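Please read all numbers here as calculations on a predicted model, not as lab measurements. The figures here come from the full heavy-atom set of this structure, side chains too, leaving out hydrogens, waters and symmetry mates. Residue numbers start at 1 and run along the sequence shown.
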Amino acid sequence: MAKRSGIGKIAMWILLGLLFIGLGGFGAANLSGNIRSIGTVGTKSIPVDSYARQLQNEMQAISSQTGQPLPFARAQEIGLDRAVLQRLVRNRALDHETGELGLSIGDEALRNEILQIASFQGVNGEFDREGYRFALQQGGVSEAEFEISLREEAARTLLQGAVLGASKCPQPMPRHW
């Protein structure tokens with residue numbers, strides 16, 4: 001009997017070892033359950049917190065317009081979650097392309113963009129550094145994340161402007177009968 005239970009224990013440890021090797025081989029390396037990204041487009045990831053923040057903002061905007069709270073289930077019914085995800089994927093695709101092309105704005109242009117944002121201005125109309133930090137903290141975004149998103153948005157705008165500017169519709173041919 002003692003021999004049989006010893007073989008069973010060895011077999012159990014071998015099976016557990018194979019299970020861990022198999023899980024590692026199939027990509028279950030992150031067993032902690034912390035998912036930081038819902039996907040990638042090229043080299044650009046789509047962070048979960050960015051998706052959640054934008055979806056929450058859209059839900060709040062609809063709630064303000066209608067005067068009624070918008071539950072998540074209703075947001076899913078009307079396709080709001082998919083619309084936000086689609087916009088994020090489109091933006092990340094453009095971000096990837098701008099990165100490939102090397103498009104960006106300089107530090108001075110970024111500074112000017114930040115200085116023009118009304119919610120970062122104090123009562124005197126000048127930029128308020130503490131107001132800037134507080135607003136970003138309330139939004140759950142660090143200064144670095146915000147500045148990166150501003151750079152990406154400006155680069156997307158440059159790319160879109162270049163594409164739209166290059167694709168002019170031909171003038172209709174005049175009719176001479």
Side-chain angles (χ1 to χ4, degrees), residues 27-30 32-66 69-169:
N30 186 4
S32 67
N34 292 336
I35 299 173
R36 291 185 169 81
S37 172
I38 57 175
T40 57
V41 179
T43 58
K44 301 291 184 174
S45 69
I46 303 170
V48 171
D49 59 340
S50 177
Y51 171 70
R53 188 172 34 251
Q54 288 194 26
L55 181 58
Q56 187 67 34
N57 289 343
E58 291 291 328
M59 290 172 63
Q60 287 175 350
I62 291 173
S63 292
S64 320
Q65 290 174 350
T66 62
L70 179 66
F72 182 71
R74 179 70 181 126
Q76 283 182 307
E77 285 175 15
I78 63 174
L80 188 62
D81 59 328
R82 293 180 302 280
V84 168
L85 180 59
Q86 184 178 26
R87 185 175 61 238
L88 282 171
V89 169
R90 182 186 65 234
N91 285 346
R92 293 315 272 172
L94 288 170
D95 292 341
H96 173 72
E97 286 304 313
T98 59
E100 292 290 309
L101 295 170
L103 287 178
S104 184
I105 61 170
D107 292 340
E108 187 67 27
L110 177 67
R111 180 184 172 279
N112 291 338
E113 288 279 329
I114 293 171
L115 292 177
Q116 291 177 7
I117 298 173
S119 51
F120 300 147
Q121 295 173 356
V123 291
N124 61 357
E126 305 258 332
F127 178 74
D128 179 14
R129 185 81 163 129
E130 288 306 312
Y132 174 65
R133 284 187 186 137
F134 181 74
L136 293 180
Q137 183 181 16
Q138 291 301 106
V141 180
S142 71
E143 287 183 44
E145 290 171 326
F146 179 72
E147 292 169 7
I148 288 170
S149 73
L150 271 183
R151 281 186 197 273
E152 289 174 341
E153 185 178 329
R156 281 194 302 268
T157 302
L158 286 171
L159 180 62
Q160 289 170 332
V163 169
L164 291 175
S167 60
K168 301 263 186 205
C169 290

inquiry  = Restricting to ring-ring contact (aromatic ring centres under 6.0 Å, His included), what partner residues turn up for Y51, sequence neighbours left out?
reply    = none
ask   = Can you name the nearest heavy-atom pair linking H96 to V41, along with the distance?
value = CB-O, 3.8 Å
ask   = Can you list the residues that meet the side-chain contact (heavy atoms from CB on, under 4.5 Å) rule with I117, with sequence neighbours excluded?
value = S119, F120, F146, L150
message = Applying ring-ring contact (aromatic ring centres under 6.0 Å, His included), can you list everything that pairs with F134, at least two apart in sequence or on another chain?
response = none
ask   = Can you check whether R74 reaches E77 side chain to side chain, under 4.5 Å on heavy atoms?
value = yes
request  = Taking all non-hydrogen atoms of both residues into account, name the closest pair between S45 and S37 and its distance.
outcome  = CB-OG, 3.6 Å
message = Please give me the minimum heavy-atom distance between G140 and R53, naming the atom from each residue.
response = O-NH1, 3.5 Å
task = Measure the shortest side-chain to side-chain distance between Q54 and L88 over non-hydrogen atoms and say whether it is less than 4.5 angstrom.
result = yes
ask   = Is there side-chain contact between I114 and E147, with heavy atoms separated by less than 4.5 Å?
value = yes
ask   = So, for L94 and Q160, which heavy atoms are closest and what is the spacing to 0.1 Å?
value = CD1-NE2, 3.2 Å
remark   = Here the salt bridge (Lys or Arg N to Asp or Glu O under 4.0 Å) pairs for residues 130-142, sequence neighbours left out, are E130-R133, R133-E143
Salt bridge (Lys or Arg N to Asp or Glu O under 4.0 Å) contacts in which one or both residues fall within residues 111-127, not counting sequence neighbours = E108-R111
request  = Identify, with sequence neighbours excluded, every residue that meets salt bridge (Lys or Arg N to Asp or Glu O under 4.0 Å) alongside E152.
outcome  = K44, R92
note = Correct closest heavy-atom pair for I105 and A154 would be CG2-CB, 3.6 Å
